[in-house]
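The next block holds one structure in the form of structure tokens; read it before the comments.
Just so you know, ligand 1 is whichever comes first in the structure, and atom 1 is the first atom listed for that ligand. Along the sequence shown, residues carry numbers from 1.
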Amino acid sequence: MVNAQSKYDIQTIRNDFPILGTEVYGKPLVYLDNGATTQKPRQVVEAMVQQYYTANANVHRGVHHLSMIATDMLEQSREAVRRFIDAESVQEIVFTRGTTEAINLVASTFCQQEMQAGDEVIISTMEHHSNIVPWQLQKERKGIVVKVIPMADNGILCMDEYEKLFTSRTKLVSVAHVSNVLGTINPVADIIRIAHSHGVPVLIDGAQSVPHMPVSVRSLDADFYCFSGHKVYGPTGIGVLYGKREWLDRLPPYQGGGEMIGTVSFESTTFNAIPYKFEAGTPNYVDATGLAAALEYVEKIGMNNIAVYEADLTQYALQQMSQIEGIRFFGPMEQRGSVISFLVGNIHHLDMGTLLDRIGIAVRTGHHCAEPLMHRLGIEGTLRASFGLYNTYDEVDALVAGIHRVSQMF
Ligand code: PLP
């Protein structure tokens with residue numbers, strides 16, 4: 001703990017995030033809802049403001065100076081993403097609205113082209129709704145079958161059972177890298193290797209991994225990988241779908257419109273090359289600039305340093321919280337990310353969350369968009385504290401003191 005803390009200049013980092021110095025109900029804000037969204041450093045906001053003030057024009061469409069600058073900036077942002085997730089080519093980086101849109105893009109285009117009624121997709125027990133519902137929509141539309149990897153009581157996927165789910169009809173596996181509820185870090189390299197041994201491609205939902213650990217899509221050999229900008233200290237409304245070139249070339253367009261075309265007549269249309277084939281309409285180019293600034297920001301701190309710091313902070317939090325009477329944790333104690341889901345005695349999660357809020361502590365309550373997981377755990381919801389790169393040991397202490405205080409009121 002001391003090592004990670006001393007290498008890590010937490011105060012300088014916190015100074016980059018103006019919101020962390022604010023108060024709620026007259027109490028200093030303790031923001032522990034980073035799994036939902038992260039706060040933004042000045043560097044991100046300023047990069048976007050700068051572009052609006054000095055380099056705003058529609059991209060790819062103009063011969064004029066500003067349009068060329070804006071186009072260059074968009075393509076530099078694509079390169080920043082490529083570097084960050086270690087993709088081979090910028091052609092493999094599609095900008096989307098976020099993880100949800102990326103998964104919908106794959107579900108829709110992959111099912112349209114690669115799946116017939118009765119073909120199967122494998123997901124897991126701990127998926128976010130955004131990696132469940134798009135497949136169910138395809139179940140309704142196309143008659144595909146959705147199979148689910150079971151989970152043990154300790155929040156770990158049953159890998160033996162996973163292997164048994166493959167049949168000659170299995171066409172795709174789609175799982176989260178890190179659970180947004182349990183914090184479980186899934187063995188995605190093994191999940192991918194096993195799927196590939198059956199000739200099946202894999203989509204990884206990286207919404208909760210990319211902000212917290214180094215990710216190399218090439219080392220993982222992922223076929224598709226997606227994440228959201230707003231969870232990695234970037235702006236809302238932008239995210240990324242990585243797809244291996246051969247898959248993106250093969251899949252049909254998702255939406256039709258400007259930018260994604262080659263030529264158009266009233267009779268027919270040819271499509272642009274990847275990644276533009278999947279980016280219909282004016283892209284969210286200013287948010288792409290913000291996302292690139294965010295990725296540069298975390299790269300400067302170092303993804304390994306962030307991972308070590310957050311792991312130590314989470315271990316400290318688990319230790320301190322485990323002394324609270326009646327506390328129940330959900331998820332593994334090791335091999336975990338910086339998300340802690342818990343309940344205390346029979347205090348309703350909403351009551352506890354509301355009272356913590358009154359003392360300035362922002363945590364999430366409810367089913368966390370993972371209702372099937374709640375059913376598996378036999379609960380309605382949990383409290384969830386999720387840490388980011390700027391959270392401190394003092395904030396963990398404030399959370400623990402807050403839970404004690406609220407518990408005594410019941
Ligand atoms: N997948 C996981 C694991 C998540 O935690 C979330 C958001 O909480 C999503 C997908 C959806 O992300 P977004 O709402 O940014 O599209």
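- Partners of Phe329 by ring pair (Phe, Tyr, Trp, His ring centres under 6.0 Å), not counting sequence neighbours: none found.
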Atom pairs and distances, side-chain donor-acceptor, residues 191-206, under 3.5 Å, sequence neighbours left out:
unit_1 : atom_1 : unit_2 : atom_2 : d
Arg193 : NH2    : Asp190 : OD1    : 3.3
His196 : ND1    : Asp221 : OD2    : 3.3
His196 : NE2    : Asp223 : OD2    : 2.7
Ser197 : OG     : Ile194 : O      : 2.6
Asp205 : OD1    : Ala207 : N      : 2.9

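- With sequence neighbours excluded, the residues that form a ring pair (Phe, Tyr, Trp, His ring centres under 6.0 Å) with His60 are Tyr276.
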May I have a table of the N/O to N/O pairs between ligand 1 and the protein that fall below 3.5 Å, each row giving the two atom names and the distance to 0.1 Å?
unit_1   : atom_1 : unit_2 : atom_2 : d
ligand 1 : 1 (N)  : Asp205 : OD1    : 3.3
ligand 1 : 1 (N)  : Asp205 : OD2    : 2.5
ligand 1 : 5 (O)  : Gln208 : NE2    : 2.7
ligand 1 : 8 (O)  : His128 : NE2    : 3.4
ligand 1 : 8 (O)  : Lys231 : NZ     : 2.6
ligand 1 : 15 (O) : Ser228 : OG     : 2.7
ligand 1 : 15 (O) : His230 : NE2    : 2.7
ligand 1 : 16 (O) : Thr99  : N      : 3.4
ligand 1 : 16 (O) : Thr100 : N      : 2.9
ligand 1 : 16 (O) : Thr100 : OG1    : 2.6

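- For the residue pair Tyr316/Asp397, the side-chain donor-acceptor check at 3.5 Å is satisfied.
- Taking 4.0 Å as the cut-off between side-chain N and carboxylate O, Lys277 and Asp249 do not count as a salt-bridged pair.
- When atom types are taken as modelled, the side chain of Ser67 and the backbone of Ala57 share no donor-acceptor pair closer than 3.5 angstrom.
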